[in-house]
Amino acid sequence: MMSGMFFRRLNHIVGHPKCAMTCIRPFIGLLDDSVSSAIPRLSSAAIHTGGAQRAKYEEQVAAQEKRNIDAAESGMPELIRDFLDPADFYKAVKNVGIDFFCGVPDSLLKDFCAYVTSHTPSSNHVITANEGAAIALASGYHLATGRCGMVYLQNSGLGNTVNPLMSMAMPGVYSVPMLLLVGWRGEPGKRDEPQHMVQGQATPGLLASMGIPFQVLPDYLDGAVQALESARQHMISAKGPFCLLVRRQNFLPYKLPPSEEELFPLTREEALVCVADGLDEKDVCVGTTGMLSRELFEYRVARRQGHEKDFYTVGSMGHASALAMGIALFQPSRQVFCLDGDGAALMHMGSMSSIGQRPIGNLKHIIFNNGAHDSVGGQPTDAAHHDRFSFAAIAKGCGYRETFLAVTEEEIRACVRRVRAAEGPVMLEVKCLKGARRNLGRPTRTPVQNKADLMHFLQIGK
């Protein structure tokens, strides 16, 4: 606990400015001898990643260590930046009696989620289809054991939790205690994407309006332990949910170990090129949340094409298929392609029944299944169990007219031709590798511009 002792002693100095310069020198010695514990460092235990990424992480943290030492030597400990080691926080969570974890991964939580995935038995960790299901699952765990579970999610998923929280978990209903760990995308004062900026501003008010107490998770272990103790006391006394908001870069990096084998020949982006190459100039594409829409945007740039035929669903995870259905119903002369992901399709899979039970001949649903929540850390989805999970079987059961499966470039290009010729609704599942280019950009058109471009395109030749 040298780190906690060091910072407490420095904070004591700040409270006595007259003796700060005299008293700071003995503590600089602590830095010389114990910098590895006083200031967070990366180690082989703290990160699983490739050589280039690991070197980048170590370079970033080393630079921060130097800034921390400079701040301490200058008598300004308030400038020292801490990071939580996922392993330490995991142990602290277990120390307050929580050993069941469920939820939907988030980019701000990816290091902690990766550690949970690597170190928790599958019986005690479930990556759920959506955040509302995680609230219900944690409630069932409490009913069965009398204990509290942790539900982790991005703040954009709070909307999915409102109904089960308010109509089941709150003290005025069934009174189910649980700890919510929420990644605070769009935190005021932080740069982020438009959809996250809107959600980030609303997050504290949304929690307050539901009557859920919350606090920001400190980025140092002693503070995190105190926050967990506050949560524990609330869950015992009020018997209801408590929320910890996680800011950007709260955790030291930790990455899931890479897969030993590559099951499929193509990356998602390579598979997307095969699909997009086979579409007609009048076809409309609805890209799902995450990397896929970014790859579709860059495909258009590389081909010197406009973006007016595409809708990039930057938020609303899981709703791309319903959005595509709405366009297809009222643009019957155009083929509408929903370019979906496995995690997104799972999140609101009920839309498939709405699609399958209607004669929407121009709706073509393509799911790129890489078995992972790729844009938030690569944690696995249920669709990663390729030997016993089938989107095609689900689609058939929902009433889709035909289903196709493709893996290789030749299969994808051939299936796209068959999909275009078929009477919808039809589904094509494309199995591909997880991961994306490190230099993958983001759309340079704003969401409002994207909407205007598409609406104008839909009116041409109607």
Side-chain angles (χ1 to χ4, degrees), residues 43-49 84-154 157 161 164 169 176-183 217 221 224-225 228-229 231-232 235 241-242 244 246 250-261 263 342-343 346-347 370-374 376-389 434:
S43 67
S44 58
I47 181 170
H48 288 286
T49 188
L84 267 178
D85 189 317
D88 291 339
F89 185 62
Y90 181 78
K91 292 173 186 175
V93 168
K94 297 196 79 170
N95 284 341
V96 295
I98 295 174
D99 64 359
F100 179 77
F101 306 83
C102 61
V104 178
D106 165 49
S107 57
L108 301 192
L109 306 177
K110 65 181 180 180
D111 306 300
F112 178 69
C113 288
Y115 191 90
V116 170
T117 299
S118 295
H119 292 80
T120 307
S122 58
S123 59
N124 282 51
H125 180 216
V126 179
I127 297 176
T128 55
N130 63 56
E131 297 85 357
I135 299 297
L137 179 56
S139 299
Y141 168 77
H142 174 73
L143 293 176
T145 66
R147 304 182 69 181
C148 304
M150 172 185 280
V151 175
Y152 56 80
L153 63 146
Q154 186 180 105
T161 70
V176 181
M178 63 184 70
L179 179 61
L180 308 179
L181 188 70
V182 178
L217 178 67
L221 183 58
V225 168
L228 287 170
E229 179 59 23
R232 187 184 75 86
M235 290 186 290
F242 187 95
L244 292 176
V246 180
N250 247 52
F251 291 103
L252 279 174
Y254 183 94
K255 194 168 185 177
L256 289 170
S259 305
E260 294 185 0
E261 59 177 337
L263 298 176
D342 53 300
L346 289 169
M347 180 163 280
N370 63 3
H373 288 284
D374 214 2
V376 291
Q379 289 80 13
T381 70
D382 287 335
H385 303 120
H386 298 286
D387 58 336
R388 59 184 189 273
F389 186 95
K434 70 178 184 178

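Sequential numbering from 1 along the given sequence is applied to the chain's residues. As the structure is a computational prediction, the values presented were derived from the model and not from experiment.
Counting heavy atoms from C-beta on, the side chains of Q154 and V104 never come closer than 4.5 Å. Looking at H125 and H119, their side chains never come closer than 4.5 Å, going by heavy atoms from C-beta outward. Looking at heavy atoms from C-beta onward, V176 lies out of side-chain contact with P241 at the 4.5 angstrom threshold. Within the 4.5 Å cutoff, no side-chain heavy atoms of V96 are placed close to those of M235. Looking at N250 and L108, their side chains never come closer than 4.5 Å, going by heavy atoms from C-beta outward. Contact annotation: the side chain of T381 never approaches that of I127 to less than 4.5 Å [non-hydrogen atoms, C-beta and beyond]. For the pair Y254 and S118, the minimum side-chain heavy-atom distance is below 4.5 Å. The shortest side-chain heavy-atom distance between L217 and L84 falls under the 4.5 Å cut-off.
Relative orientation of the F112 and F251 rings is parallel, given thresholds of 30° and 60° on the angle between their planes.
If you take CG on L263 and CG on N370, they are separated by 11.0 Å, rounding to the nearest 0.5 Å. The distance from the CG atom of L244 to the OH atom of Y152 is 16.0 Å, given to the nearest 0.5 Å. I135 contributes atom CD1, which lies 5.0 Å from atom CG of L180 (distance to the nearest 0.5 angstrom). With rounding to the nearest 0.5 angstrom, the OG atom of S123 is 9.0 Å from the CZ atom of F100.
Between G378 and K434, the closest heavy-atom pair is O-NZ, 3.2 Å. Nearest heavy-atom pair across H373 and P105 is CD2-CD, 3.8 Å. Residues T128 and C102 come closest through the heavy atom pair CG2-CB, 4.4 Å. Of all the heavy atoms in L153 and E131, the pair that sits closest is CB-CG, 3.6 Å. The heavy-atom pair separating Q379 from A114 by the smallest distance is NE2-N, 3.5 Å.
Residue pairs satisfying the side-chain hydrogen bond (donor to acceptor under 3.5 Å, both in side chains) criterion with at least one member in residues 86-97, sequence neighbours excluded, are listed as follows: Y90-T120. Within the structure, salt bridge (charged side-chain N to carboxylate O under 4.0 Å, His left out) contacts touching residues 136-149 (residues at least two apart or in different chains) are D99-R147.
Evaluated for a side-chain contact (heavy atoms from CB on, under 4.5 Å) with M178, the options I98, L137, V151 yield exactly one hit, V151.
In this structure H385 satisfies the ring pair (Phe, Tyr, Trp, His ring centres under 6.0 Å) test with no other residue, sequence neighbours excluded.
Of the possible donor and acceptor atoms, none in the side chain of D106 sits under 3.5 Å from a partner among the backbone N and O of V376.
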Query - Steps toward side-chain contact (heavy atoms from CB on, under 4.5 Å) verdict (L228, V93) - result: CA-CA 7 Å; L228 287 170; V93 168; 4.0 Å; yes

Query raised in the report: Does the side-chain contact (heavy atoms from CB on, under 4.5 Å) test come out yes or no for L181 and F89, once each step is laid out?
Result: CA-CA 12 Å; L181 188 70; F89 185 62; 4.2 Å; yes

Requested in this report: Check the pair Y141, V126 against side-chain contact (heavy atoms from CB on, under 4.5 Å), reporting the backbone distance first and the verdict last.
Outcome: CA-CA 11 Å; Y141 168 77; V126 179; over 6 Å; no

